[in-house]
Protein chains: 2
Amino acid sequence: MTTLNKQKPDTRQNLIQAAAWLIHRHGYHGTGLSDILARSNAPKGVLYYHFPGGKPELAVAALALTTEIFNQQLLMAAKRTRTATGFIKAMADLTKEDLLVSDYRAGCPLTTTALETAPEEPALTTACRDGFEVWISTVANIFETHGLPKVKARRLAEQSMAGFEGALAIARTRKDVSIIDLTADGLIQILTAQRQ
Amino acid sequence: MTTLNKQKPDTRQNLIQAAAWLIHRHGYHGTGLSDILARSNAPKGVLYYHFPGGKPELAVAALALTTEIFNQQLLMAAKRTRTATGFIKAMADLTKEDLLVSDYRAGCPLTTTALETAPEEPALTTACRDGFEVWISTVANIFETHGLPKVKARRLAEQSMAGFEGALAIARTRKDVSIIDLTADGLIQILTAQRQ
DNA sequence: TCCTCTATAGACCAGTCGGTCTATTCTTGA
DNA sequence: TCAAGAATAGACCGACTGGTCTATAGAGGA
């Protein structure tokens, strides 16, 4: 699923990765084509050859890549955890990791792009919505494997995504990740309350 | 506190309000000076007369205005509610209101700006951090008046802000506010669990 | 009445934006 | 060996960006 396309991956993939990296840090409007081109060492003609739709089309591909990568991280984290509580803590760690390795320069590209562009660029809004849905479904499935009933698993997954996304934004302004742990604690309390 | 400055308010205040309205919808990078000028019917010279620091300085003022307005809405909502649970529901209603009256065109300007610009525009990041702190302090105080101990009130306030901010972003991509109510339900469960 | 300071007005600027276009190079099958 | 499509390369474009500058209008005191 990660290598579906038959195209020679180098240039096209480099463009997508460069765009994803930059949008992750500066958002959609804050990322210029010239930045993407410089980062991927590509001339302009190449971009419009691979993405006739221009910047929006490339951004959609970049958001899809980001969605897939984080989804894989969620699945890997699930393999390492044996309880729903443990998985919530693992999600908190994943959320913190992005902030710490980037020195608070990178947030969630889906949230950033969604807030910047919805609903003016429908393709981008759709990409964000689909990305959130992928993540929430994955998290809900993981909660189910840890014994939560389907409906409660889905609810807790939505609450988790909302909590961590908001905590990420606030943590970035503070250069302090503690609100992410606080959010995890809250989710664990919800989980525990539901178990009773 | 709402009318501290001695300056004749018209032009300057119009600029701030126009900037706040636009940043609310399109974010910092998505809002151009020309948009702000057009919306406030002002020529360019006026902007740089009142805000020598240019766009960033005006944006900081706009974020401060937004902070203050929403803070007043929190305080008003607190007057209408008698329990912590009721206040959580009132926060959910406030969060939903922005989305619904703007047809999902407006999110939280603090979150949007923070994700777009941190940490490249320190003044903006600071304005966002300060804004979040104002809101969280207000919410924590309100929880205290409803009987929560200080530490727990602060924790629940942080969890609330994170949850509603994240829910707002996701709701915007879906054009559906239900995740905001779900978030409120989760916060109420945390509250109840802490009461035991 | 005139002077001075505040504020308004908008022409103008260099730089950058996303996007188009044509020329060239690479690759590959005949 | 050569033709043809795929891919690369970057010059070029109009529109727009945030920002500067000078000219002028308005207000208030002497």
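First the proteins, then the strands, lettered A, B, ... as listed; each starts at 1. Values reported hereafter were calculated over all heavy atoms of this structure, with side chains retained and with hydrogens, waters and symmetry mates removed.
Looking at B:E133 and B:S137, their side chains do bring a donor and an acceptor atom within 3.5 Å of each other. Residues B:H26 and B:D35 have side chains that never bring a donor and an acceptor to within less than 3.5 angstrom of each other.
Going from atom CG of B:L15 over to atom C1' of D:dG18 covers 15 Å, rounded to whole Å. Taking atom CD on B:E57 and atom P on D:dT20, their separation rounds to 12 Å, with Å as the unit. What separates NE2 of A:H29 from P of D:dG18 is a distance of 12 Å, to the nearest Å. The distance from atom CG of A:L47 to atom C1' of C:dC17 is 13 Å, rounded to the nearest whole Å. One can place CG of A:L37 at 12 Å from C1' of D:dT8, the figure rounded to the nearest angstrom. When rounded to the nearest whole Å, the span between OH of B:Y28 and P of D:dT17 equals 14 Å. Put simply, CD on A:E121 is 11 Å from P on C:dG18, counting in whole angstrom units. Atom CZ of B:F51 and atom C1' of C:dA7 are 14 Å apart (whole Å).
Going from atom CD of B:Q72 over to atom CE of B:M76 covers 8.5 Å, rounded to the nearest 0.5 Å.
Residue A:S34 has no polar side-chain atom (N or O) positioned under 4.0 Å from OP1 or OP2 of C:dG18. Of the side-chain N and O atoms in A:Y48, one or more sit less than 4.0 angstrom from OP1 or OP2 of C:dG19.
Nearest to the side-chain atoms of A:P43 among the listed nucleotides C:dG18, D:dT8, D:dG19 stands D:dT8. With D:dT8, C:dG19, C:dT8 as the choices, the nucleotide that has an atom nearest any side-chain atom of A:T11 turns out to be D:dT8. In the set C:dG19, C:dA7, D:dG19, C:dA7 carries the atom at the smallest distance from any side-chain atom of B:Y49. For B:K44, counting side-chain heavy atoms from C-beta on, the closest listed nucleotide (C:dT8, D:dG18, C:dG19) is D:dG18. Checking D:dG18, D:dT17, C:dG19 against every side-chain atom of B:L33, the shortest atom distance belongs to D:dG18. Checking C:dT6, D:dA9, D:dA7 against every side-chain atom of A:H50, the shortest atom distance belongs to D:dA7.
Here the closest heavy-atom approach between residue A:L99 and residue A:R172 is recorded as CD2-CG, 4.0 Å.
Side-chain atoms of B:K55 stay outside donor-acceptor range of the base of D:dG19, with no qualifying N/O pair under 3.5 Å.
A salt bridge links A:D181 and A:K96; the closest N-O separation between the charged side-chain nitrogens and carboxylate oxygens is under 4.0 Å.
A:G45 comes within contact range of at least one nucleobase, with a heavy-atom separation under 4.0 Å.
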